[in-house]
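Let me begin by presenting the structure, written as structure tokens, before commenting on it.
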Amino acid sequence: MVYDPQEIELRWQKEWSDAGVFEAEIDESKPKFYCLEMFPYPSGHMHMGHVRNYSIGDAMARFQRLMGKNVLYPMGYDSFGMPAENAAKKDGGHPNDVTHSNISSIRSDQERMGYSYDWRRFLATSNVDYYRWNQEMFLILNESGLIERRMAPVNWCVDCDTVLANEQVKNNRCWRCGLEVVQRDMAQWFVRMTEYSDELLDELDRISFPENVKAMQRNWIGRSHGAHIDFPVIDSDSLIGVFTTRPDTIFGATFVTLSPEHPLCEELCLGTEWEQQWRNLRDECAKMSEFERINMLKEKKGVFLGRHAINPMNGEKIPIYAGNFVVASYGTGAVMAVPGHDQRDFDFAKAYNLEIRQVLQENEELAPTSPPVRAFEGYGPMINSPVEGFDGLSGDDAKNAVINALEVKKHGYGTVEYRLKDWLLSRQRFWGTPIPMIHCKSCGVVPVPRENLPVELPLDVVFSEDQSGNPLESHNSFVQTNCPSCGGDAKRETDTMDTFYDSSWYFMRFCDAKNETSPFNREVVDYWMGDGVDLYIGGIEHAVMHLLYARFFTKFSRDAGMNEVGEPFSRLVCQGMLNAPAPYCVDCNSEYHVDNFDLDCPSCGKPLSRRQAKMSKSLGNTVSPEEMISRFGADTVRLFILFGANPEAGMEWSDSALEANHRQMFSLIDAVDSAVGLSDYPSDIDDWLMSRMRASQEKWIEVMSDVSLREGVMISHFEMLSDWNWYLRRGGRDRVTAMTFLKGWIPMLAPATPHIAEEFWRKVGHADILAKLVMPILEPNPGDTLVLALENFIKKIISSGRNLRTLAERHSDNEITKVVIQTSPQWKKDLASEAIKLHKDDFDFKEKGQSHVKSLEAFKDESTRGEVFQTWNSITIGGKKTRGRIHTWLDGEREIISKGINEAEVIKDNSDFIASALEVESVEVYVAGEGEDVGGKSRISFPLEPGIAFV
RNA sequence: GCAGGGGUACCCGAGUUGGUCAAAGGGGCCGGACUUAAGCUCCGGUGCUUAGUGCUUCAUGGGUUCGAAUCCCAUCCCCUGCACCA
């Protein structure tokens, strides 16, 4: 067969599409399987990361169809967002145009790969038929009390001219452009996601996410249990509320520290001699760069604010400081400082000469008099408590005792704090979903009534480079409207939504993508989303934000009665990184652009070596999918991607491996070619091939079900091919056997290489499309283990024979022409079957083996007694490093022995093959003792391990 | 610093409920068959040693065990995330 992947692949893609084989509808008679990939932002072309993501998903979708599942496998685009807006600005167009041309380009790339999407469910979040449901969801959120508008200091990126969410700020820099972020106070829209903090955290224990994702989410939610304690300020009505996880150290608090941004700071020191240094500290902290911050971490800095507070537990007067290490946004932005038991407070106290007091005992031996050199941060019994009833308590008892006392005195209470913040939803950008709210002078903020949705983005906006701010603000016909409640003049909200909002429920919309009356129908979503999306595949970069928002959305919509399920994704697979070689300097520990291959390090001048680095534009080590497809075809690229590494592992790009996978395609084609056109010619090896096929299929289904695609491909595209070649080599050439084998094998080729599999399927005479097939699951045959074991026996003889032959050549003066095989004598086999019988009943060979062998018939002959004993031992006990054979024989091997199968006969039946494999003219075989003991090998002969001599 | 994941032969990579493990599979390399030749395909070899034995190997050093790549302890190194979170 001539292999022209370009022709074959396009042809089958058209057939699939014409037949609509991937279109899924609800079918209660089948188990459903919802296979989903994180939908892409349409940025021009598909890159290799996409190829990997979708090749994994498509293989699983196709596999599950073969397994008879009703598979939902949709694709759409997360098409709102800044790149389109920026591109429009640059070229003076509209983001809508840019977006649509990008979508059609990436879609055609995906189609060229042959992914089996149900394209009828296509959606793009920037299309009004999607985002109008964003607005509807927003109204529902609002009605559920989960929307809030409040002033907030926001992270502002001057360059991108936008607000950034906390999680879009990395080390005080914009995640997109890297510019330093500044703070600005604005009225903002929030989604009160923190209402669900506990459920989002607790349910992590029950869902099948990778450990690192769970860890990141736990970390992000950051729940900690502790106490809120109010410290009254002396000569003031103000209270300093602090949050602590260590109320058991309350008596060790020797000062209070506020974050420099804390509103109380100014109040306390205003107009005093302390004011200026506080202002200095605050300003310094506000504009610290990432680099400075990291250095600052080492040095605790602070200023006294000139005032004191009262420790409510012991009435003690303690100074109030502002400190650079207190985080304004966590807890209350104020801490009680316990230098004896917190290292940061300890460092601070050392620097400012404050009292360090130990109120927990570290261990009994340690003399409490010696001045401490560090804080003891562990738990221990309370000591030195100035109030009765606390000394001696430790851990949770101590904490609870303090919390109880605080609650009695009404100076505090036990509480829980979270690191998770409400979701800042609003963006001052054009290319997003307009927030459906109206500002009326008399009625305030009024939601847009449902019947007036959608609030559409105007298409008559012209973008240009020098433009700043949100073009919606200056678009009069958009802004000017009437108040829905009083009818008076009003203005539309011009903020749009964070694009993470769009991707927070798209998986439910996919279930019912064409619904024109609601975001989705409940029954439809309950069917497809039952137990969540069955397999969700995407990048680790969405571990926190997207996945957390999506989990939140599913819970909120569940509570709003829209769906049953509370966790959207039951199994998450995060595909590993794609790496490719890049120039690397060992000394500087840095990677350079591929232009520097074989040059010297640009910074230190030493010769560059190379190493694998994440594929990236900046290193230039990317590989173009289009180029690879045009050279090798989609099937080869898919095979390489799936066989190169398991989905979650990192993967190295290798041109030679890709070429090798392409050659593998030729091997497969050759194999199928050799199978068609055979005639009826049954032989003994037919059974073996059938047994192998059954075993392979069983194993394949097992590993594929577990998304171990690499192992699956190894079976379907490598092992089964080797089996076929072995079959041919062993003289197999039966038409019926070959056809049965192909019928079982070809479907297994489809998940990874669907086009060539279809081609094969048609070639062996099936008129129907393979993609429609539900694969018949083969029942294992009771004789399989024996058949496989017998063939294995031959293989082992050949492999040890080959090894021995090279050794024999050194010892032989003459040309080797013959192999003499002496199989195990009957008495050894008898010992072996005896041991197998005993082993089945858990006989204790160590304890009773010796006395047992002495009772056996074979032991009676004194001349062979020693040999019998030795054989018995190697069967049952084994030597120092090897266990007795009884433990290592496989089921089939035990069967050969206990059924008394004649090894010599088996070898004789295959002697031609053995002779050719061992490159000898003839094979002589007999049971040891029944012929000449050539080379003294009869002693070595053992059940299943005959003595082999070359002469 | 904290958390998660790792370190396996020339390279990638499987194997981690202890024995069937000198360790799957692939790449590369070497050799053979086929072919006029190339390509493609097929077969074999790829730690050292040896008529089937023995030795040294799974980051390093200890330990448990009759027996460890696999279990325990310590150390070193790499990746990823969070980072003064009270």
Side-chain angles (χ1 to χ4, degrees), chain A residues 3 171 210-216 218-220 222 224 226 242-246 249 257 293-294 296-300 323-327 329-338 342-345 347-348 417-419 540-541 543-544 577 612 614 640 643-646 648-652 654-661 663-664 666-667 669-671 673-674 708 710-711 713-715 718-719 722 725-726 728-729 799-812 846 877-885 887-890 893 917 919 935-937 940 945 947-950:
Chain A
Y3 182 42
N171 298 317
E211 275 313 309
N212 56 341
V213 174
K214 287 189 187 186
M216 280 188 253
R218 286 193 187 103
N219 197 319
W220 190 261
S224 42
V242 306
F243 174 71
T244 178
T245 55
R246 296 299 300 274
T249 63
T257 318
R293 254 180 86 115
I294 288 167
M296 282 313 246
L297 299 188
K298 293 180 184 113
E299 195 199 338
K300 302 281 175 284
N324 65 349
F325 63 97
V326 180
V327 178
S329 60
Y330 185 76
T332 59
V335 296
M336 68 175 198
V338 185
D342 182 290
Q343 191 58 40
R344 293 158 306 183
D345 297 338
D347 295 343
F348 192 88
E417 278 290 335
Y418 301 87
R419 218 184 71 116
I540 188 74
E541 66 271 22
V544 176
M577 272 188 222
Q612 295 285 343
K614 185 183 175 177
F640 166 72
F643 185 60
N646 257 329
E648 294 184 300
M651 178 175 180
E652 322 293 316
S654 152
D655 288 328
S656 63
L658 181 70
E659 283 160 25
N661 283 115
R663 290 200 297 271
Q664 193 72 16
F666 285 103
S667 305
I669 290 164
D670 276 10
D673 279 348
S674 65
S708 297
R710 188 189 141 87
E711 217 181 321
V713 167
M714 192 150 94
I715 293 168
F718 291 83
E719 287 179 7
S722 303
N725 284 331
W726 180 259
L728 295 179
R729 215 179 136 194
S799 122
S800 57
R802 254 194 215 109
N803 181 24
L804 289 165
R805 200 198 141 107
T806 56
L807 297 175
E809 277 164 3
R810 284 184 229 162
H811 291 256
S812 170
K846 266 192 184 157
I877 308 286
K880 192 167 184 192
K881 287 183 94 175
T882 48
R883 277 176 109 194
R885 301 289 205 288
H887 302 282
T888 60
W889 277 322
L890 302 172
E893 293 175 319
E919 297 171 67
K937 299 296 179 190
I940 296 170
E945 296 162 53
I948 299 171
F950 286 88

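Chain naming here is simple, since letters A, B, ... match the order of the sequence lines and numbering starts at 1 in each.
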| message | Please confirm whether the shortest side-chain N or O distance from H887(A) to OP1 or OP2 of G19(B) is below 4.0 Å. | response |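 Indeed not, no polar side-chain atom of H887(A) lies that close.
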
Looking at every strand, decide which applies to [X] at a 4.0 Å heavy-atom threshold: base, sugar-phosphate, or nothing.
X: T257(A); answer: nothing
X: A543(A); answer: nothing
X: I940(A); answer: base
X: M216(A); answer: sugar-phosphate
X: F643(A); answer: sugar-phosphate
X: D670(A); answer: sugar-phosphate

Counting side-chain heavy atoms from CB outward, which of [options] is closest to [X]?
X: R710(A); options: A86(B), C84(B), G13(B); result: G13(B)
X: K937(A); options: A86(B), A51(B), A3(B); result: A51(B)
X: E652(A); options: U50(B), G4(B), G13(B); result: G13(B)
X: T244(A); options: A3(B), A86(B), A24(B); result: A86(B)
X: S656(A); options: A51(B), C40(B), G27(B); result: G27(B)

Rounding to a whole Å, what distance do you find between [X]:[atom1] and [N]:[atom2]?
X: E809(A); N: U50(B); atom1: CD; atom2: P; value: 15 Å
X: K614(A); N: U80(B); atom1: NZ; atom2: P; value: 9 Å
X: I948(A); N: U50(B); atom1: CD1; atom2: P; value: 20 Å
X: R802(A); N: U46(B); atom1: CZ; atom2: P; value: 11 Å
X: N219(A); N: G1(B); atom1: CG; atom2: P; value: 17 Å
X: L890(A); N: G19(B); atom1: CG; atom2: P; value: 14 Å
X: L807(A); N: U53(B); atom1: CG; atom2: C1'; value: 10 Å
X: R729(A); N: C34(B); atom1: CZ; atom2: P; value: 15 Å

| Do R710(A) and F643(A) meet the cation-pi criteria used here (NZ or CZ under 6.0 Å from the six-membered ring centre, within 45° of the axis)? | yes

| field | Results of salt bridge (Lys or Arg N to Asp or Glu O under 4.0 Å) for E945(A) - residues two or more places apart only | value | R885(A)

Write down the distance separating the [atom1] atoms in [N] and [M], rounded off to the nearest Å.
N: A9(B); M: G45(B); atom1: C1'; answer: 15 Å
N: G47(B); M: C42(B); atom1: P; answer: 23 Å
N: U80(B); M: G13(B); atom1: P; answer: 15 Å

| remark: The answer to which of A649(A) and H811(A) contacts RNA chain B further toward the 5' end, by nearest nucleotide, is A649(A)

| query | More than 12 heavy atoms of other residues, nucleotides or ligands under 6.0 Å from NZ of K614(A): is that the case? | reply | no

| Is R663(A) salt-bridged to E659(A), cutoff N-O under 4.0 Å? | no

